[in-house]
Amino acid sequence: DALKVMGVNPIQALVVPRVLAATVVALFLSSLVILVGIAGGFMFSVFVQHVTPGAFAAGMTILTGPVEVIVALCKAALFGLAASLIACYKGLHVGGGPTGVGSAVNETVVFAFMALFLINILATAFGVKVAP
């Protein structure tokens, strides 16, 4: 309410930057995890299982295409968007002092987990339909 008294819209000042940042960070973090996973798989396959680099690349292109990469990145962006929107909503509507803050944090974790689970199911089903 203090921001409203000063004539500042709390949604524009607090929510929008956090939601955008969480979405972008989730997207970049997912990209980094994907790259590290591919590099780790390459190292393990080539140096431990003695697979040729060409065979590893051929296997990757058989199992993974552009559609899978796009779906994975879209899921990451949706995860960041959903989790940040839930957290901002719960944070703006908290009441009851320190006990209310603790309850809001617990509710945020539970609701975010449920939302991410549902988004994962729907996005995976969509990805399977798009890329047979």
- In terms of hydrophobic clustering (I, L, V, M, F, W, Y; side-chain heavy atoms under 4.5 Å; direct or indirect links), are Ile34 and Met60 co-clustered? yes
For residues 83-96, which side-chain N or O atoms pair as donor and acceptor with protein atoms under 3.5 Å away, sequence neighbours left out?
from, atom 1, to, atom 2, distance (Å)
Ser84, OG, Gly80, O, 2.8
Ser84, OG, Leu81, O, 3.0
Lys90, NZ, Glu107, OE1, 2.7
His93, ND1, Tyr89, O, 2.9

- With sequence neighbours left out, which residue pairs that include part of residues 32-42 fulfil the salt bridge (charged side-chain N to carboxylate O under 4.0 Å, His left out) condition? none
- Under the side chain to side chain contact (heavy atoms under 4.5 Å, CB included) test, residues paired with Ala77 that sit two or more places apart: Thr23, Leu27
- Sequence neighbours left out, what pairs pass salt bridge (charged side-chain N to carboxylate O under 4.0 Å, His left out) with at least one residue falling in residues 43-58? none
- Applying side chain to side chain contact (heavy atoms under 4.5 Å, CB included) to Ala57 and not counting sequence neighbours gives none
- Message: If the condition is side chain to side chain contact (heavy atoms under 4.5 Å, CB included), which residues does Val110 pass it with, not counting sequence neighbours?
- Response: Met114
Table please: side-chain donor-acceptor pairs of residues 13-20 below 3.5 Å, with sequence neighbours left out.
from, atom 1, to, atom 2, distance (Å)
Arg18, NH1, Leu14, O, 3.0

- Item | Pairwise side chain to side chain donor-acceptor pair (under 3.5 Å) hits with a residue in residues 36-48, at least two apart | none
- Task: Can you tell me which residue pairs pass the ring pair (Phe, Tyr, Trp, His ring centres under 6.0 Å) test with a partner in residues 95-119, sequence neighbours excluded?
- Result: none
- Message: Taking side chain to side chain donor-acceptor pair (under 3.5 Å) as the definition, give me every residue that meets it alongside Asn120, ordered by chain and number, with sequence neighbours left out.
- Response: Lys75, Thr124
- Item | Minimal non-hydrogen separation, Val71 against Ala123, with atom names | CG1-O, 4.0 Å
- Measure the CG-OG distance between Leu73 and Ser30 for me, rounded to the nearest 0.5 Å. 5.5 Å
- Task: List for me each residue that meets side chain to side chain contact (heavy atoms under 4.5 Å, CB included) alongside Ile70, sequence neighbours excluded, and say none if there are none.
- Result: Cys74
- Item | ring pair (Phe, Tyr, Trp, His ring centres under 6.0 Å) partners of residues 18-50, not counting sequence neighbours, each pair once | Phe42-Phe56
